[in-house]
Amino acid sequence: HPDVLRRRAWARLLPPLLEWLAPHGTLLITLFDPDEAHAVHALPLPPARALAEDALVPAAPDGRDRVVLAFRRTTVSADA
């Protein structure tokens with residue numbers, strides 16, 4: 001769960017994380033609110049993938065995350 005609004009380092013760290021995924025792997029990012037989601041969408045990432053809500057385990061009642069985004073690695077680097 002990145003704190004993208006208060007920690008600017010996440011803006012540098014999230015895009016390269018996709019390169020660490022297996023080919024066609026998916027990075028799930030959970031966020032507190034739409035403002036954080038907007039900040040993630042502004043990063044140089046591929047378009048977020050749609051998720052079926054029933055594919056995810058419901059959050060704990062005391063959890064504050066309200067947004068889940070999924071980004072898929074669609075390219076394979078020469079090193080993979």
Side-chain angles (χ1 to χ4, degrees):
H1 175 105
D3 187 349
V4 295
L5 296 179
R6 287 191 258 164
R7 307 274 189 236
R8 294 180 193 259
W10 283 110
R12 293 189 316 271
L13 295 173
L14 285 175
L17 281 178
L18 291 176
E19 293 299 317
W20 288 67
L21 296 175
H24 305 291
T26 301
L27 173 66
L28 291 178
I29 302 174
T30 62
L31 305 160
F32 288 145
D33 60 44
D35 289 338
E36 286 186 320
H38 181 71
V40 170
H41 282 296
L43 299 176
L45 294 168
R49 296 176 47 96
L51 291 175
E53 288 187 28
D54 60 349
L56 301 172
V57 174
D62 61 342
R64 295 185 296 161
D65 291 343
R66 290 177 175 80
V67 179
V68 177
L69 299 176
F71 298 92
R72 187 170 190 181
R73 180 177 176 186
T74 55
T75 60
V76 179
S77 68
D79 299 336

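All values derive from a computational prediction rather than experimental measurement.
- Nearest approach of Pro15 to Leu45, heavy atoms of both residues: CA-CD2, 3.5 Å.
- Applying side chain to side chain contact (heavy atoms under 4.5 Å, CB included) to Phe71 and the options Val40, Leu14, Leu21 leaves one that passes, Val40.
- Remark: Ala11 engages Leu43 in a side-chain contact (heavy atoms from CB on, under 4.5 Å) (not counting sequence neighbours).
- Of the possible donor and acceptor atoms, one in the side chain of Asp33 sits under 3.5 Å from a partner among the backbone N and O of Glu36.
- Listed for the Arg72 side chain is no donor-acceptor partner under 3.5 Å among the backbone atoms of Thr26.
- Residues satisfying the salt bridge (charged side-chain N to carboxylate O under 4.0 Å, His left out) criterion with Arg6, sequence neighbours excluded, are Asp3.
- Scanning all heavy atoms of the two residues, the minimum distance from Leu28 to Ala70 falls at CD2-CB, 3.6 Å.
- Across every non-hydrogen atom of Leu69 and Ala48, the tightest pair is CD2-CB, 4.4 Å.
- The side-chain contact (heavy atoms from CB on, under 4.5 Å) test applied to Arg8 returns no partner, not counting sequence neighbours.
- The two residues Leu31 and Ala37 have their closest heavy-atom pair at CD1-CA, 3.6 Å.
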